[in-house]
There are 2 protein chains.
Amino acid sequence: MRISAKGDYATRAMQELAMHYNRGPLPIEAIAGRQQIPVRYLEQLLLILKRAGLLESKRGVKGGYYLAKPPNQITVGQIIRLMDGPPAPIFCVDPASHDKCPVEAICGFQSVWDEVHQAVAGIIDKTTLEDVCHRAMLKLEPGAATYRI
Amino acid sequence: MRISAKGDYATRAMQELAMHYNRGPLPIEAIAGRQQIPVRYLEQLLLILKRAGLLESKRGVKGGYYLAKPPNQITVGQIIRLMDGPPAPIFCVDPASHDKCPVEAICGFQSVWDEVHQAVAGIIDKTTLEDVCHRAMLKLEPGAATYRI
DNA sequence: TAATTCTTGACTAATTCAATAGAGTTAGTC
DNA sequence: GACTAACTCTATTGAATTAGTCAAGAATTA
Ligand code: FES
Ligand code: FES
C-alpha cells in the first residue's frame with residue numbers, strides 16, 4: 001500500500017524531464033539536485049526508464065536525458081509498474097500472476113482487493129506527465145509564468 | 001501498493017471469526033488450519049487484534065477467540081491499518097504523518113497520491129466483515145446453505 | 001586530447017518481513 | 001487438585017528486499 005523510494009524518485013525525475021520537454025537534454029546532476037535524489041541511485045533508475053523506452057539520452061558535454069515521447073503520452077502507471085511492479089495489492093488479483101490462491105474458494109476478500117486494484121490502476125493509468133506538470137504549475141508562485149530551471 | 005502477509009492473514013482470520021460469530025470461541029488452531037496460516041504466527045496477529053479491541057478471547061479448554069463486536073461494526077480498514085499501517089502510498093499524503101515533504105512545493109504528484117489514498121481508504125473503510133462474509137457465501141457451492149465448519 | 005556525461009555491473013549496509021521458539025498463565029475437566 | 005487444552009508474551013532467527021555506493025568504461029563535444 002505504498003510507493004517505494006524507487007517509484008517516488010522515478011516519478012519525480014520524470015516530472016522534471018517533462019517540465020523540460022523540448023528544451024534539450026537534462027543531465028542527471030540537474031535532476032538529482034532539484035529533486036533531492038541521490039545521484040548514484042538516480043543513475044540506475046533513469047537507465048531502467050531508458051531501457052523501457054520512456055527516455056532517451058545523449059552522452060558527453062551538453063548531454064543528458066530527455067523524454068522519448070510527449071508528456072501526454074506517458075502515464076504515471078507506466079512509471080510505477082516499472083519501478084514497483086503491478087498495482088495489485090495481493091497476487092490473487094494480479095492479472096499477470098499465474099499462481100492460484102490456495103484459499104480462493106472460501107475467501108471473501110478477493111473482490112475487495114480487486115476493487116482496490118481497479119481503483120488504483122484507474123488513477124495512475126489515466127494520469128499523464130502532462131497532468132502532473134499542470135498540477136505542479138498550480139503550486140508555483142502565481143507570478144511565475146514558467147518553470148524556473 | 002501491496003498487502004503484507006500480516007494483513008492478508010489477519011483479514012482472513014477475521015473473516016473466519018465473523019463466519020463463526022455467536023457460535024462460541026474458535027481456537028487458533030481451527031482458524032489456522034482452515035485458512036492455511038502458520039499457527040505460531042497467527043497467535044501474534046490475534047493478540048494484536050485483541051489489544052486493539054476487535055477480538056476477545058477465552059482461555060482453557062473450549063476456549064478460543066471471538067469477535068468483540070458484530071461483523072457489521074468491524075471494517076476491513078480497521079484491520080489493515082492495524083497490520084500494515086495507514087493506506088497512504090507515501091508519507092506526504094498521510095494525515096497522521098507530521099513530517100513535511102522537502103519537495104512539496106514543486107511536486108505535482110502529491111494530489112495524485114492523495115487521490116490514490118482516498119480511493120483505497122474509501123473502499124476498505126466502507127467494507128465490513130459482514131460484507132466480506134456475504135461475498136464468501138456467494139463463492140460456496142450453491143447448495144451449501146451455511147458455512148461448513 | 002581533455003572534460004563531460006551517460007553506461008554497466010558488482011557490491012554492501014540496513015531494514016523489514018515472515019516465521020519460529022520457548023517459557024509462562026489461565027481455565028476447565030475428571 | 002492434577003491434568004490438559006488453549007491463550008500470552010518476549011525473544012530470536014533467517015531470508016528477502018530496499019536503498020544506496022562504487023569503480024571502471026564508453027561516447028560525445030569543445
Ligand atoms: S487471499 Fe487469495 S483470494 Fe483471498
Ligand atoms: S513526494 Fe512529497 S509531495 Fe510529492
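Sequence lines set the chain letters: A, B, ... in the order given, protein chains first and strands last, and positions in each chain run from 1.
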Nucleotide N/O of nucleotides 16-18 of chain C paired with protein N/O under 3.5 Å:
unit_1, atom_1, unit_2, atom_2, d
C/dA18, OP1, B/Arg2, NH2, 3.4
C/dA18, OP1, B/Ala5, N, 3.1

Which protein N or O atoms sit under 3.5 Å from an N or O of nucleotides 28-30 of chain D?
unit_1, atom_1, unit_2, atom_2, d
D/dT29, OP1, A/Lys58, NZ, 2.9

Acceptor/donor pairs from residues 47-65 of chain A side chains to any protein atom, 3.5 angstrom cut, sequence neighbours excluded:
unit_1, atom_1, unit_2, atom_2, d
A/Lys50, NZ, A/Ser57, OG, 2.8

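B/Glu29 meets the side chain to side chain donor-acceptor pair (under 3.5 Å) test with no other residue; sequence neighbours excluded. Considering only residues two or more places apart in sequence or on other chains, A/Arg2 meets the salt bridge (Lys or Arg N to Asp or Glu O under 4.0 Å) condition with none of them. Checked against side chain to side chain donor-acceptor pair (under 3.5 Å), A/Thr127 has no partners two or more places apart in sequence or in another chain.
No side-chain heavy atom of B/Thr128 sits less than 4.5 Å from a side-chain heavy atom of B/Val76. Side-chain contact between A/Ile3 and A/Met83: absent, with no pair of heavy atoms (C-beta onward) separated by less than 4.5 Å.
The distance from atom CZ of B/Arg40 to atom C1' of D/dC9 is 11 Å, rounded to the nearest whole Å. Taking atom CG on B/Leu42 and atom C1' on D/dT8, their separation rounds to 14 Å, with Å as the unit.
Contact annotation for B/Glu43: base contact, defined as any heavy-atom pair under 4.0 Å involving a base atom.
Legend: ring-ring contact (aromatic ring centres under 6.0 Å, His included) pairs involving residues 91-125 of chain B, not counting sequence neighbours, sorted by first then second residue: B/Phe109-B/Trp113. Counting only residues at least two apart or in different chains, ring-ring contact (aromatic ring centres under 6.0 Å, His included) contacts with residues 35-64 of chain A comprise A/Tyr9-A/Tyr41. Within the structure, every pair that satisfies the salt bridge (Lys or Arg N to Asp or Glu O under 4.0 Å) test and touches residues 106-133 of chain A, not counting sequence neighbours, is listed here: A/Arg81-A/Asp125, A/Glu115-B/Lys126, A/Glu115-B/Arg135, A/Lys126-B/Glu115. Applying the salt bridge (Lys or Arg N to Asp or Glu O under 4.0 Å) test to residues at least two apart or on different chains, the pairs with a partner in residues 92-111 of chain A are A/Lys100-A/Glu104.
Proximity of residues 44-56 of chain A to DNA chain C (heavy atom under 4.0 angstrom from any strand atom) is restricted to A/Leu47, A/Lys50, A/Arg51. Interface residues of residues 78-95 of chain B facing DNA chain C, ordered by number: none; criterion, heavy-atom separation under 4.0 Å.
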Run the side-chain hydrogen bond (donor to acceptor under 3.5 Å, both in side chains) test on B/Lys6 and B/Gln44 for me, step by step, so that the C-alpha distance in whole Å, both residues' side-chain angles and the decisive distance to 0.1 Å come before the verdict. CA-CA 10 Å; B/Lys6 213 169 153 188; B/Gln44 303 177 54; over 6 Å; no
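Looking only at distances, no side-chain donor or acceptor of A/Asp8 sits under 3.5 Å from a matching main-chain atom of B/Ile90.
Taken to the nearest 0.5 Å, the CD1 atom of B/Ile106 stands 4.5 Å off from the CZ atom of A/Arg34.
Within the 4.0 Å cut-off from OP1 or OP2 of C/dT5, not a single side-chain nitrogen or oxygen of A/Tyr66 is found.
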